S.K.: 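Here it is: the structure, laid out below.
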Amino acid sequence: MSEDKGLPVTGNRLLASLPENEFRTVIFPYLEPVELRQGEVIYAPRQVIDYAYFPVTALLSLIVSSENGDTVEAGVYGNEAMAGYSLLLERNISPYQVEVQIGGSAFRVRAEVMKDLCSKAPALQMHLLRYVHTGVVQLAQMSICNRFHSVRQRLSRCLLTAHDRIDSDQIPLTREILAGMIGARRPRVSIVVGSLSTAGLIRVRRGTITIINRKGLEAASCECYRVIRDEVDTLLKIE
């Protein structure tokens with residue numbers, strides 16, 4: 001989708017995959033640009049969804065928590081996604097927490113407007129329903145990953161996923177945040193981060209992890225990264 005008559009490129013690949021006429025006349029007028037801060041809670045568990053979010057440079061995580069406070073990431077919303085797809089299923093309640101893991105820009109649309117847009121924009125509704133399928137694949141694959149794969153594999157997968165979505169080699173994630181995302185203890189994460197650094201795959205400095213050997217990090221990851229990436233790529237290639 002090119003810039004034309006003041007219409008900017010959104011930076012969100014899901015929106016960019018829509019037919020230009022539908023995007024221009026139906027959807028674009030309702031997109032509100034916002035800046036999201038790291039750690040900000042977009043949806044609390046069992047909270048009414050007020051807005052749907054289309055991330056651009058921000059990275060959001062679907063967080064599942066146990067009664068004793070342990071957490072694990074069950075899904076990721078980046079520039080290929082929309083957060084709040086429960087709205088498509090006639091549910092305006094978020095079952096889990098969604099929070100900002102990497103701060104950045106996004107667009108948001110009021111929940112009631114989003115429902116109306118789906119009835120007026122058939123391509124939007126079709127693309128979002130396909131994304132729901134992608135979300136189910138992601139949820140299932142990350143369930144396998146968190147149960148059977150090592151902390152090193154899960155951490156590598158997590159860094160690669162973030163790298164794909166923020167368009168930068170520098171990823172502002174601390175060990176504490178990473179521990180919560182992959183469901184591991186912080187001391188164990190620190191050991192694995194150190195081993196990846198020693199292997200020359202990443203560089204760690206002041207709360208930022210820099211990817212310096214992408215292919216090596218892919219080799220350190222499990223097949224879950226590839227499965228989820230391929231599913232997202234397939235979604236965005238569908239006309």
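Along the sequence shown, residues are numbered consecutively beginning with 1. All values reported here derive from a predicted model rather than from experimental measurement.
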S.K.: Taking C-beta and beyond as the side chain, do Leu36 and Ser105 meet within less than 4.5 Å on heavy atoms?
M.R.: no
S.K.: Verify, without hydrogens or angle tests, whether Glu99 (side chain) and Leu62 (backbone) share a donor-acceptor contact under 3.5 angstrom.
M.R.: no
S.K.: Looking only at heavy atoms, what is the nearest atom pair of Gln101 and Ile63, with distance?
M.R.: NE2-CD1, 3.6 Å
S.K.: Check whether more than 12 heavy atoms from other residues, nucleotides or ligands sit under 6.0 Å from atom CZ of Arg13, and answer yes or no.
M.R.: yes
S.K.: Heavy-atom count around Arg185 CZ within 6.0 Å, excluding the residue itself: above 12?
M.R.: no
S.K.: Could you tell me whether a side-chain N or O of Asn21 sits under 3.5 Å from a main-chain N or O of Phe23, the two making a donor and an acceptor?
M.R.: no
S.K.: Say whether Leu155 and Ile171 are linked into one hydrophobic cluster, either directly or through other cluster members, by side-chain heavy-atom distances under 4.5 angstrom.
M.R.: yes
S.K.: Is Asn92 reaching over with its side chain to a backbone N or O of Leu87, donor-acceptor style, under 3.5 angstrom?
M.R.: no
S.K.: Hey, are the side chains of Met114 and Met82 touching, using non-hydrogen atoms and a 4.5 Å cut-off?
M.R.: yes
S.K.: If you measure from the Lys or Arg side-chain nitrogens to the Asp or Glu carboxylate oxygens, is any gap between Asp169 and Arg203 under 4.0 Å?
M.R.: no
S.K.: Measure the spacing between OH of Tyr77 and CG of Leu60 and express it to the nearest 0.5 Å.
M.R.: 8.5 Å
S.K.: So how far is it from Ser190 OG to Arg175 CZ, rounded to the nearest 0.5 Å?
M.R.: 5.0 Å
S.K.: What residue among Val56, Ile102, Val232 forms side-chain contact (heavy atoms from CB on, under 4.5 Å) with Arg165?
M.R.: Val232
S.K.: What distance do Arg206 atom CZ and Thr208 atom OG1 have between them, rounded to the nearest 0.5 Å?
M.R.: 9.5 Å
S.K.: I'd like to know if the side chain of Asn12 reaches the main chain of Ala81, judged simply by a donor and an acceptor atom lying under 3.5 Å from each other, with no hydrogens or angles considered.
M.R.: yes
S.K.: Shared ILVMFWY cluster between Leu88 and Leu18, side chains joined below 4.5 angstrom?
M.R.: yes
S.K.: Consider only side-chain heavy atoms of I, L, V, M, F, W and Y, link residues closer than 4.5 Å, and tell whether Met142 and Val137 are in one cluster.
M.R.: no
S.K.: Tyr131 vs Tyr85 aromatic rings, parallel, tilted or perpendicular, using cut-offs 30° and 60°?
M.R.: perpendicular
S.K.: Is there a side-chain contact between Cys118 and Leu128 in this structure, where contact means two heavy atoms from C-beta onward sitting under 4.5 Å apart?
M.R.: yes
S.K.: Is the number of heavy atoms from other residues, nucleotides or ligands under 6.0 Å of Asp167 CG greater than 12?
M.R.: no
S.K.: Looking only at non-hydrogen atoms, find the nearest pair between Gln38 and Leu173 and report the distance.
M.R.: NE2-CD2, 4.2 Å
S.K.: Given side chains that start at C-beta, do those of Val136 and Thr134 come closer than 4.5 Å, heavy atoms only?
M.R.: no
S.K.: Do Tyr30 and Asp116 come within less than 4.5 Å of each other through their side chains, counting heavy atoms only?
M.R.: no
S.K.: What's the spacing between Ile228 CD1 and Leu139 CG if we round to 0.5 Å?
M.R.: 9.5 Å
S.K.: Given Val98 and Val41, is the side chain to side chain contact (heavy atoms under 4.5 Å, CB included) satisfied, shown in steps?
M.R.: CA-CA 6 Å; Val98 176; Val41 175; over 6 Å; no
S.K.: Heavy atoms, side chains only, cut-off 4.5 Å: are Leu201 and Ile212 in contact?
M.R.: no
S.K.: Can you see which heavy atom on Glu73 is nearest to which on Asn146, and at what distance?
M.R.: O-ND2, 3.5 Å
S.K.: Given 3.5 Å as the limit, does a donor-acceptor pair link the side chain of Ser65 with the main chain of Gly69, or not?
M.R.: no
S.K.: Has Arg154 got a side-chain atom pairing as donor or acceptor with Ile182's backbone, closer than 3.5 angstrom?
M.R.: yes
S.K.: Between Val227 and Gln141, does a side chain to side chain contact (heavy atoms under 4.5 Å, CB included) hold up when you go through it step by step?
M.R.: CA-CA 8 Å; Val227 170; Gln141 199 66 40; 3.4 Å; yes
S.K.: Which pair of non-hydrogen atoms, one from Cys145 and one from Cys224, has the smallest distance, and what is that distance?
M.R.: CB-SG, 3.5 Å
S.K.: Would you compute the distance between atom CG of Leu160 and atom CD1 of Ile211 and round it to the nearest 0.5 angstrom?
M.R.: 6.5 Å
S.K.: With a 3.5 Å distance limit and no angle check, can you tell me whether Glu40 reaches the backbone of Arg37 through a side-chain donor-acceptor pair?
M.R.: yes
S.K.: If you compare all heavy atoms of Ser17 against all heavy atoms of His127, which two are closest, and at what distance to 0.1 Å?
M.R.: OG-CD2, 3.0 Å
S.K.: Has the side chain of Thr71 got a donor or acceptor atom that lies under 3.5 Å from a matching backbone atom of Val64?
M.R.: no
S.K.: When you measure from the centre of the six-membered ring of Tyr51, is the NZ or CZ of Arg108 under 6.0 Å away and within 45° of the axis?
M.R.: yes
S.K.: Quick one: does Tyr96's side chain get under 4.5 Å of Pro45's, heavy atoms only?
M.R.: no
S.K.: How long is the straight-line distance from CG of Asp164 back to CG of Asp233, given to the nearest 0.5 Å?
M.R.: 8.0 Å
S.K.: Answer whether the closest heavy-atom distance between the side chains of Ser168 and Thr57 falls below 4.5 Å.
M.R.: no
S.K.: For the pair Ser221 and Gln153, evaluate side chain to side chain contact (heavy atoms under 4.5 Å, CB included) and give the outcome as yes or no after the intermediate values.
M.R.: CA-CA 4 Å; Ser221 182; Gln153 290 173 314; 5.6 Å; no
S.K.: Within a 6.0 Å radius of atom CD on Glu176, are there more than 12 heavy atoms belonging to other residues, nucleotides or ligands?
M.R.: no
S.K.: What pair of heavy atoms forms the shortest contact from Gly78 to Leu59, and how long is it?
M.R.: CA-CD1, 4.1 Å
S.K.: According to a 4.5 Å side-chain heavy-atom criterion applied to Ile, Leu, Val, Met, Phe, Trp and Tyr, with indirect links allowed, do Leu178 and Val72 form part of one hydrophobic cluster?
M.R.: no
S.K.: Within the side chain of Gln125, is there an N or O that forms a donor-acceptor pair under 3.5 Å with the backbone of Pro122?
M.R.: no
S.K.: So does Ala44 get a backbone contact from the side chain of Gln47, meaning a donor-acceptor N/O pair under 3.5 Å?
M.R.: yes
S.K.: Using the side-chain hydrogen bond (donor to acceptor under 3.5 Å, both in side chains) rule, take Arg152 and Ser195 through it: C-alpha gap first, then chi angles, then the decisive distance, then the call.
M.R.: CA-CA 9 Å; Arg152 181 183 176 90; Ser195 71; 3.1 Å; yes
